[in-house]
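To keep things clear, I will list the structure first and then write my remarks on it.
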Protein chains: 2
Amino acid sequence: MDISHAVSALSALAQESRLKVFRLLIRTGSKEMAAGDIARALGVPHNTMSSHLAILCRAKLVQARKAGRSVIYAVDLDGTRALLSFLVEDCCQGEPAVCGPVIESTLSACCSE
Amino acid sequence: MDISHAVSALSALAQESRLKVFRLLIRTGSKEMAAGDIARALGVPHNTMSSHLAILCRAKLVQARKAGRSVIYAVDLDGTRALLSFLVEDCCQGEPAVCGPVIESTLSACCSE
DNA sequence: TCTATATTTCCAGAATTATGGACATATCCC
DNA sequence: GGGATATGTCCATAATTCTGGAAATATAGA
C-alpha cells in the first residue's frame with residue numbers, strides 16, 4: 001500500500017456515515033448486506049449512501065457483488081488488513097514491549113472468543 | 001471511544017502530512033521528536049506543522065511534552081490502541097477464521113522480530 | 001412491453017478543511 | 001534587558017468534501 005491509498009482509505013473512514021457502514025459490515029462477519037438495507041439501517045438517503053459505498057469500495061475497505069437488482073456489500077478483509085498493517089508498519093524498532101499491547105488489545109476487541 | 005472521537009482520529013490521519021508524522025513517530029518507537037525537527041524532516045512550514053500536530057494531539061494519536069524551548073512529540077499508544085480496537089470491534093461474530101488473518105498480519109507488520 | 005424496484009450518476013450549493021503570512025508567546029543565553 | 005530560537009495562534013483565501021434532488025440505468029415480474 002502506498003501513502004496516497006492509505007490517505008484515501010482513512011478519508012473514507014473519517015466520515016460518520018461511512019464509518020458506521022464499515023462497522024456495521026464488520027460486525028456482520030462474513031455476512032453481507034444490500035445497498036438499500038444499509039441505507040435504511042443507517043437512515044441515509046439511498047443516493048447519498050450510494051456515493052459513500054462507492055468511496056469505501058474505491059478505498060478497498062468494502063467489496064460489491066451484484067445479485068439481481070441488488071448490490072451486496074461486505075467488508076474487504078484484504079484491504080482492511082493492508083490499511084491496519086500500513087499504520088503500524090515498522091513500529092517500535094524491534095521493541096515489542098512498546099507496541100505489543102496495542103496489537104494485543106486490537107486482537108481482543110476482535111474475535112474475543 | 002465514541003464514534004465522534006473515532007471520526008476525529010481518522011480525519012486526523014486522513015491527511016498526508018499528518019499521516020507521515022504519525023508513521024514517522026511510530027517508526028521511532030519509544031523515541032520522540034521536537035516539533036521543529038518533525039517540520040524539517042517532512043518539509044512543512046513550522047506553523048502549518050504546528051496545526052497538524054495540534055490536531056493529532058486532540059485526536060489522542062500523539063502526545064506533547066515541553067522541554068525548554070522545544071515541544072517533544074511521541075505516539076500516544078493508548079489512543080492508537082483505542083482507535084484500532086474500535087475499528088474491528090465485535091467483528092466476525094465469533095468466527096476468528098474470518099478476521100484472524102487481519103490481526104495476525106497487523107501483528108507481523110509491527111514488531112516483526 | 002409496461003411497471004415497480006434497486007441502485008447509480010450528475011450536479012450545484014453548503015459546509016468543512018488546508019495553508020501559510022504575520023504576529024504572539026515562551027525560553028534560553030549573553 | 002536584548003537578541004536569537006522554538007513553537008503556537010489568528011485569520012483570510014483556496015481547495016476539497018458533503019448532500020440530496022432529479023434523472024439515468026438495470027433487473028424482475030406480469
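Values below: all heavy atoms of this structure, side chains included; hydrogens, waters and symmetry mates excluded. The sequence lines fix the lettering, A, B, ..., with proteins before strands; numbering per chain opens at 1.
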Residues of residues 2-17 of chain B with a heavy atom under 4.0 Å from any atom of DNA chain C, listed by number, are Q15(B)
Under the salt bridge (Lys or Arg N to Asp or Glu O under 4.0 Å) rule, what pairs show up with a residue in residues 38-47 of chain A, not counting sequence neighbours?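 Residue pairs passing salt bridge (Lys or Arg N to Asp or Glu O under 4.0 Å), neighbours aside: D37(A)-R40(A).
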Apply side-chain contact (heavy atoms from CB on, under 4.5 Å) to residues V44(B) and V21(B) and explain how you reach the verdict. CA-CA 11 Å; V44(B) 172; V21(B) 170; over 6 Å; no
Using a heavy-atom cut-off of 4.0 Å across all strands, would you classify R18(B) as base, sugar-phosphate, or nothing?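 Result for R18(B) = sugar-phosphate.
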Just checking A34(B): base, sugar-phosphate only, or nothing, at a heavy-atom cut-off of under 4.0 Å? sugar-phosphate
Do side-chain atoms of T80(A) reach the backbone of D76(A) as a donor and acceptor pair under 3.5 angstrom? yes
Donor-acceptor contacts, no H, no angles, side chain residues 68-75 of chain A, under 3.5 Å, sequence neighbours left out:
none

Which pairs of donor and acceptor atoms, one on a side chain in residues 50-63 of chain A, lie under 3.5 Å apart (sequence neighbours left out)?
from: S51(A); atom 1: OG; to: N47(A); atom 2: O; distance (Å): 3.2
from: H52(A); atom 1: ND1; to: R18(A); atom 2: NH1; distance (Å): 3.3

Would you compute the distance between atom [atom1] of [X] and atom [atom2] of [Y] and round it to the nearest 0.5 angstrom?
| X | Y | atom1 | atom2 | value |
| --- | --- | --- | --- | --- |
| K20(B) | I38(B) | NZ | CD1 | 14.0 Å |
| L42(B) | T48(B) | CG | OG1 | 12.0 Å |
| L10(A) | Q15(A) | CG | CD | 14.0 Å |
| L19(B) | I3(A) | CG | CD1 | 4.5 Å |

Got a list of protein N/O to nucleotides 8-11 of chain D N/O distances below 3.5 Å?
from: dG8(D); atom 1: OP1; to: Y73(B); atom 2: OH; distance (Å): 2.5
from: dG8(D); atom 1: OP2; to: S50(B); atom 2: OG; distance (Å): 3.0
from: dG8(D); atom 1: O5'; to: S50(B); atom 2: OG; distance (Å): 3.3

For a quick test of reading the model, state the closest non-hydrogen atom pair linking [X] to [Y] and the distance between them.
| X | Y | answer |
| --- | --- | --- |
| L83(B) | A6(B) | CD1-O, 4.2 Å |
| F86(A) | R23(B) | O-NH1, 2.7 Å |
| L25(B) | M33(B) | CD2-CB, 4.0 Å |

In degrees, rounded to 10°, what is the bend between the two ends of the helix from dT1(C)-dA30(D) to dC30(C)-dG1(D), using five pairs at each? 30°
Apply the test side-chain contact (heavy atoms from CB on, under 4.5 Å) to residues V88(A) and L84(B): give CA-CA distance (whole Å), side-chain angles for both, the deciding distance (0.1 Å), then the verdict. CA-CA 10 Å; V88(A) 298; L84(B) 296 185; 4.1 Å; yes
Reading 5' to 3' through nucleotides 25-30 of chain D, protein heavy-atom contacts under 4.0 Å coded B for base, S for sugar-phosphate only, - for none: -SBS--
Charged tip of R27(B) within 45° of F22(B) ring normal and under 6.0 Å: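 Pair R27(B)/F22(B) does not count as cation-pi.
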DNA chain C: first to last nucleotide in contact with chain A (atom under 4.0 angstrom from a heavy atom), 5' to 3', is dA4(C) to dT9(C)
With sequence neighbours excluded, give me every side chain to side chain donor-acceptor pair (under 3.5 Å) pair touching residues 1-11 of chain B. none
